[in-house]
Amino acid sequence: MLIANDFAETRSAGSALSAAGDGLLAAAARAGVGGTADGDGTPRTDAALGSLARDWQSGLETLSGQVKTLGLYANLAAAAFQKSG
């Protein structure tokens, strides 16, 4: 059985994924998900929006890290194929 890989393409994809992880977090920060209704909402509305904003930011941070990690794994796979080839 032969398993082949174009390690240059795999490395390129890994780098793109790592950059996408960084870009995702930066874009989320620029989007500025609000945490309140700016005084127009009830305390419960403000609390719910604050919770949503915190959870959204936390989720994006987690997703960003996972995408960057996937890029790292792709680069490691490319290195392994290059070394074994």
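The residues of the chain are indexed from 1 along the displayed sequence.
- Cluster annotation: Leu60 is connected to Val67 through the hydrophobic network of ILVMFWY side chains, with a link wherever side-chain heavy atoms come within less than 4.5 Å.
- Not a single donor-acceptor pair under 3.5 Å links the side chain of Thr10 to the backbone N or O of Ala74.
- Using modelled atom types, one finds no donor on one side chain facing an acceptor on the other under 3.5 Å when comparing Ser18 with Ser15.
- In the hydrophobic clustering of ILVMFWY residues, with side-chain heavy atoms under 4.5 Å counting as a link, Leu76 and Phe81 come out apart.
- Tracing side-chain contacts under 4.5 Å through hydrophobic residues (I, L, V, M, F, W, Y), one reaches Leu70 starting from Leu63; they form part of the same cluster.
- Expressed to the nearest 0.5 Å, how far OG of Ser84 lies from CG of Asn5 amounts to 9.0 Å.
- Within the model, atoms CZ of Arg44 and CG of Leu49 stand 12.5 Å from one another, a figure rounded to the nearest 0.5 Å.
- Between Asp6 and Arg11 there is no side-chain heavy-atom pair separated by less than 4.5 Å.
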Item to check | Worked check of side-chain contact (heavy atoms from CB on, under 4.5 Å) between Thr42 and Asp46 | outcome: CA-CA 6 Å; Thr42 66; Asp46 280 345; over 6 Å; no
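- Within the 3.5 Å criterion, the main-chain N or O of Arg54 finds no donor-acceptor partner in the side chain of Ser58.
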Item to check | Lys68 vs Leu17, side-chain contact (heavy atoms from CB on, under 4.5 Å): CA-CA, chis, key distance, verdict | outcome: CA-CA 6 Å; Lys68 287 176 67 170; Leu17 284 165; over 6 Å; no
